[in-house]
Amino acid sequence: MPELPEVENLRRGLEKKVLGQKIKKIIIRRAKLVSGPGNLRVASKKKAKEFIRSLTGETISRMDRRAKNLIFRFKSGKILLAHLKMSGQFIYKDDKPFSIKTPEGKHTHIIFELSKGTLFYNDIRTFGYLLYFPNEQALGKAAPFKDIGSEPLSAEFTPEYFCRALKNKKTNIKALLLGQSAVAGLGNIYTDEALFAARIRPTRLALSLKPKEVNNLYSAIKKILLKTIQLGGSSVDTYRLLDESRGSFAKEHKVYGRAGEKCLRCGSQLISKKIAGRTTVYCPNCQK
DNA sequence: AATCATCCCTGACCGC
DNA sequence: TGCGGTCAGGGATGAT
C-alpha cells in the first residue's frame, strides 16, 4: 500500500509529467470516488458534476505531498487532493485517450485528458478518493488535513519534536505511529520496519520509551524513509509508479510480510499479532 | 481530549 | 469447477 515513499515518488513523477498542463476534459466513471469540501462520505453525482465543472480548464502549477496525500495545485489557486489509500494508482500516458490502445481498465475510475497526455486514476478496492477545494483555506479545514504531524523528512521533525509527540501518550507505539498525528506518512510497512530497526516492541506504550529508544526510533524512521524513496518505494500489492513500474524496496523488508520466518538479526521466529487493527510482525526476542 | 470500534471494497486464498 | 467464508488495510466518522 502506498505510504510516504511511494506517494513521494509519484509526486516526483507527476511533477515531471503534468506540470504546466491544462485539464481539457474529465471523465468520471465512478462518482463515489470524488467529492469536495465537507463530509467525505457524502459523495454524489451532483458532487461529481461540480468536480468536473470546477477543475476543467485549470492549469497544473505545482505538485505537493502532505503525509500520504497528493496535492495538485492550479494556477487559479484551486486544489485537487488525492489519497490512494490501499490500491489507488495514477498512471500517465504521453498520448491522447483516442490513440491509446487500451485506455481504460476494469478499475479505471477517473480519466483526465490533459493538453499533452492522459492521466488515469485506477483503484481496485476503491478506498481512495479525489477531492477538489476552491482555495487553501478550504483545504486546511478538510478532514485529511487536520491533525497531521510533522513531515519526518522536514527540518521541523527534530528529536525534540518527536520526544514531545510521544510524551504522556498512553497508546501503544504502533498505533501512535500509524495515527499520522505524531508523524506524517507512515503506514503499516514502515512502522514495522522502523520499530524493528530500533529494537522496540510494537506493543510498548509510547510513554514507556526511554530517551535512547526514542532517539533510535527517530533515526530509524528517517533512515528507512530516505532509503526507500531512493529505491522507488515498495511494490507490495498494487502499488505502481506513474509509468506502471514497481519500486524495489520490497526486497529489503526485514519484518513486513515475514511472519514465521527467521529474524535476520537474531534468528528467532518472527511473530504476527494484530495491533491497532493491523497485522504487525516483530521479533519477540530482540524487540524489547 | 483521548481512545476505540466500525465501515468502506475487491481480489486472493482456502476448504469442501 | 464453483461456492461461501475469511482476510488484507487507511483513516473518517461516530461512540464512549
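Every value quoted in this text rests on a predicted model; they were computed, and no experiment measured them. Reckoned from all heavy atoms, side chains included, excluding hydrogens, waters and symmetry mates. Proteins get letters first, then strands, A, B, ... in listed order; numbering begins at 1 in each.
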Do the side-chain N or O atoms of [X] get closer than 4.0 angstrom to the phosphate oxygens (OP1, OP2) of [N]?
X         : N       : value
His107(A) : dG11(B) : yes
Gln180(A) : dG11(C) : yes
Lys106(A) : dG11(B) : yes
Thr126(A) : dT10(B) : no
His83(A)  : dG10(C) : no
Lys85(A)  : dC9(B)  : no

Looking only at side chains, do [X] and [Y] share a donor and an acceptor under 3.5 Å apart?
X         : Y         : answer
Thr280(A) : Lys174(A) : yes
Glu58(A)  : Tyr132(A) : no
Thr108(A) : Asn122(A) : yes

**OP:** Nearest-nucleotide wise, let me know which of Asp123(A) and Leu176(A) is further upstream toward the 5' end of DNA chain B.
**Re:** Leu176(A)
Between protein and nucleic acid, restricted to nucleotides 7-9 of chain C and to nitrogen or oxygen atoms under 3.5 Å apart, what atom pairs and distances do you find?
residue	atom	partner	partner atom	Å
dA8(C)	OP1	Thr279(A)	OG1	3.4
dA8(C)	OP2	Lys274(A)	NZ	2.7
dA8(C)	N3	Arg125(A)	NH1	3.2
dG9(C)	OP1	Asn188(A)	ND2	3.2
dG9(C)	OP2	Thr279(A)	N	3.2
dG9(C)	OP2	Thr279(A)	OG1	2.7
dG9(C)	N2	Arg125(A)	NH1	3.1

**OP:** Might you point out which heavy atoms bring Gly185(A) and Glu3(A) nearest each other, and give the distance in Å?
**Re:** O-CB, 3.8 Å
**OP:** State the NZ-CG distance between Lys78(A) and Leu55(A), to the nearest 0.5 angstrom.
**Re:** 6.5 Å
Original post:
Looking at the side chain of Lys32(A), which of dT3(B), dG11(B), dC8(B) is the nearest nucleotide?
Top reply: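 The answer is dC8(B), which lies nearest to the side chain.
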Specify the separation, in whole Å, of atom [atom1] of [X] and atom [atom2] of [N].
X         : N       : atom1 : atom2 : answer
Gln89(A)  : dT10(B) : CD    : P     : 15 Å
Glu3(A)   : dG10(C) : CD    : C1'   : 10 Å
Tyr129(A) : dG10(C) : OH    : C1'   : 8 Å
Lys141(A) : dA12(C) : NZ    : P     : 17 Å
Asn69(A)  : dA12(C) : CG    : P     : 8 Å
Arg30(A)  : dC8(B)  : CZ    : C1'   : 12 Å
Lys169(A) : dC4(B)  : NZ    : P     : 13 Å
Leu131(A) : dG10(C) : CG    : C1'   : 14 Å

Original post:
Would you find a donor on one side and an acceptor on the other, under 3.5 Å apart, between the side chain of Arg258(A) and the backbone of Lys262(A)?
Top reply: yes
Subject >> Check: Thr191(A) side chain, Leu178(A) main-chain N or O, donor-acceptor pair, under 3.5 Å >> reply: no
Could you go over nucleotides 3-6 of chain C and give all protein N or O partners under 3.5 Å, atom names and distances?
none

**OP:** Indicate yes or no: does Asp243(A) engage Lys93(A) in a salt bridge with an N to O separation below 4.0 Å.
**Re:**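 Salt bridge: no.
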Original post:
Honestly, is Arg265(A) close enough over Phe196(A), meaning NZ or CZ under 6.0 Å from the six-membered ring centre and within 45° of the axis?
Top reply: yes
Original post:
Lys146(A) near the nucleic acid: base, sugar-phosphate alone, or nothing, with a heavy-atom cut-off under 4.0 Å?
Top reply: nothing
Subject >> 5′-ward residue of the pair Gly187(A)/Ala143(A) relative to DNA chain C >> reply: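 Result: Gly187(A).
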Subject >> Name of the residue among Arg199(A), Arg204(A), Lys288(A) meeting salt bridge (charged side-chain N to carboxylate O under 4.0 Å, His left out) with Glu213(A) >> reply: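 In the set Arg199(A), Arg204(A), Lys288(A), the residue that makes a salt bridge (charged side-chain N to carboxylate O under 4.0 Å, His left out) with Glu213(A) is Arg204(A).
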